[in-house]
Amino acid sequence: VSLAALQSALASVFTDPEARARFAADPEAFAAHLGLPDVGRAQLRALGTAAVSSYASTLARKRRSEAAGFLPRTRAALGETFATTFESWALRTMQAPGPTRNRSDASRYCDWLWNSQEGCAESVREALAWDRHELRATARPVYLGFARLSGSESNTYGAWLKFGRTWHWQLASKRRQAGGSLARSAAALGDRGLVTGDTPVADGTGKRPGPR
Amino acid sequence: VVAAVERRLGAGLSLRRRHVADVLAHPASVDLLEIVADHYFTPARRDELAVLNERFTLVPHGLELSLGSAAGVPADYLRDLAALIAAIDPPYWSEHVAFTRVGERRIGHLAPIPFTREALDVFVCNVARVRESIEQPLILENIACPFDIPYAEFTEAEFLTLLVERTGCGLLLDVANLFYNALNRGQDPRACLDRYPLEAVVQCHLAGGHRAGDEWVDSHAESVPEPVWDLFAEVCRRVPLRASIVERDEHLPAFLDLAHEVARARDLMRGTSA
């Protein structure tokens, strides 16, 4: 019984930022509120906030690692800032349950960054917009979106048009500024299972690349 | 379990999706592959699994069976895992000395269990339940964690010794986890190794971590550092290791660089007396 209660308390402070804050403010009151037996209260109190914070940071790093595969352009645009901003955000949020939790993390981080970084570089906003379209188009049965990625010599345009679970189109055009020519590529992706959900635990790889 | 895994399997890689094409192109670079079991529960990767199983010895590695959970192991996860293991019939499979769930609540990472009699009884009970569904041998991995749950009744080494005695499981010794745990506790890694039940070790994990603030983190983001190689070499001198696996999740180098680490592990294992 005491192990079950302790594990429940640990799961709470490891994953829930509000519970972690309550624990940091008053470990004894937090343990008492959970109804832990004496030994569990002593264990939790002796564990201390430093250990709990350490574990929470490890979990934030893992969430970042697993969501990164869904955010290739944002990650590239932010460089090293991606890790610090994502982990900072992850420490303040709980991970969604279920097999799509990594995709959900990526999507929620995108939305947070989009809403909180009004003054960020245009290249970052373009990358964010592109990754958001990718995430939303995959998650929704009907979707229409358009985005642009600026390059030093060319611009890449993406359009997302999706109806139902089997239609998922992307179009990309690359305008070469110097020659003025327009190269087009189109890919019908719906038949390749791209509308399916996440694997239960993504390894941060294998996400379908968008149009180049 | 050690006796049940009769043949030496060699050295290999913990497979990530980005490596699949490379290992198929360079099959001689690995003797076996460890697959994350959770990645193959859905039908989407069945074809890939069939191809891999045809060409390589596969060892499934579970992440979320939560063998240390007082609430028991999750029935749905156990069902999927048992089906996967039945499909590929590996020489053994592995999980962690940890808990990852409390009822329906998933932590999303390996969490430490207290090294107490109660936790030991729970773990033994959970392993017994799993054995009703999976007959292939199970080996258990020590996790990386910079702290222990207070008021422990055993050290980690004592807990693992009792665990292998009572369950009959083998050990998957993650040498990097042992190394970084020792550093984070201000202990001598070699002295920690001496206390482990090495006679039960079937397989080793090798990886490289990094320093974050005051802590060492087993992030699988760097090459295997020399002190971890030294500890691994010591393990190879002492026990007839069946397999070793190189893990890498971030800052991926060229595949051939990973293959070089696998080759180094193979060479060290070949120095072992069987």
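Numbers restart at 1 for each chain; the letters A, B, ... are given by sequence-line order, proteins then strands. What you see is a predicted model, and the numbers here were worked out from it, not measured in a lab.
- Your options are A:S12, A:A50, A:G48, and the one with the most heavy-atom pairs under 4.5 Å with chain B is A:S12.
- Ring centroids of B:H109 and A:F14 are separated by 6.0 Å or more, keeping the two rings apart.
- The most heavy-atom pairs under 4.5 Å with chain A, out of B:R101, B:E215, B:E104, come from B:E215.
- At a 4.5 Å heavy-atom cutoff, the contact between B:V122 and chain A is made by side-chain atoms alone.
- Heavy atoms closer than 4.5 Å to chain A are found in the side chain of B:I113, but not in its backbone.
- For the residue pair B:R106 and A:T15, no side-chain donor N or O sits within less than 3.5 Å of a side-chain acceptor on the partner.
- Note that OG1 of B:T116 is 7.0 Å distant from CD of A:Q43, once rounded to the nearest 0.5 Å.
- The part of B:D148 that comes within reach of chain A is its backbone (N, CA, C, O), which places non-hydrogen atoms under 4.5 angstrom from that chain.
- The environment of A:H33 atom NE2 is sparse: at most 12 non-hydrogen atoms of other residues, nucleotides or ligands sit within 6.0 angstrom.
- In this structure, CD1 on B:I107 lies 11.5 Å from CD on A:Q95, to the nearest 0.5 angstrom.
- Considering NZ of A:K62 and OG of B:S219, their distance stands at 13.5 Å, rounded to 0.5 Å.
- Every residue was checked against the ring-ring contact (aromatic ring centres under 6.0 Å, His included) condition with B:F179, not counting sequence neighbours, and none meets it.
- A 6.0 Å sphere centred on CG of B:D76 holds more than 12 heavy atoms belonging to other residues, nucleotides or ligands.
- Counting heavy atoms from C-beta outward, A:D16 and B:R105 have side chains that approach closer than 4.5 Å.
- Side chain of B:E118 to main chain of A:L3: a donor-acceptor pair is present (N/O by atom type, distance under 3.5 Å, no hydrogens or angles).
- When heavy atoms are compared at a cutoff of 4.5 Å, B:A144 does not approach chain A at all.
- A:Y55 places none of its side-chain heavy atoms less than 4.5 Å from the side chain of B:P146.
- Minimum heavy-atom separation, B:V102 to A:A11: CG2-CB, 3.7 Å.
- For A:Q7 against B:A70, the heavy-atom pair with the smallest separation is OE1-N, 2.8 Å.
- Both the backbone and the side chain of A:L47 come within contact range of chain B, each with at least one heavy atom under 4.5 Å from a heavy atom of that chain.
- Annotation: the span from B:Y151 atom OH to A:L6 atom CG amounts to 12.5 Å, rounded to 0.5 Å.
- Using a 4.0 Å cut-off between charged nitrogen and carboxylate oxygen, A:R64 and B:E250 count as a salt-bridge pair.
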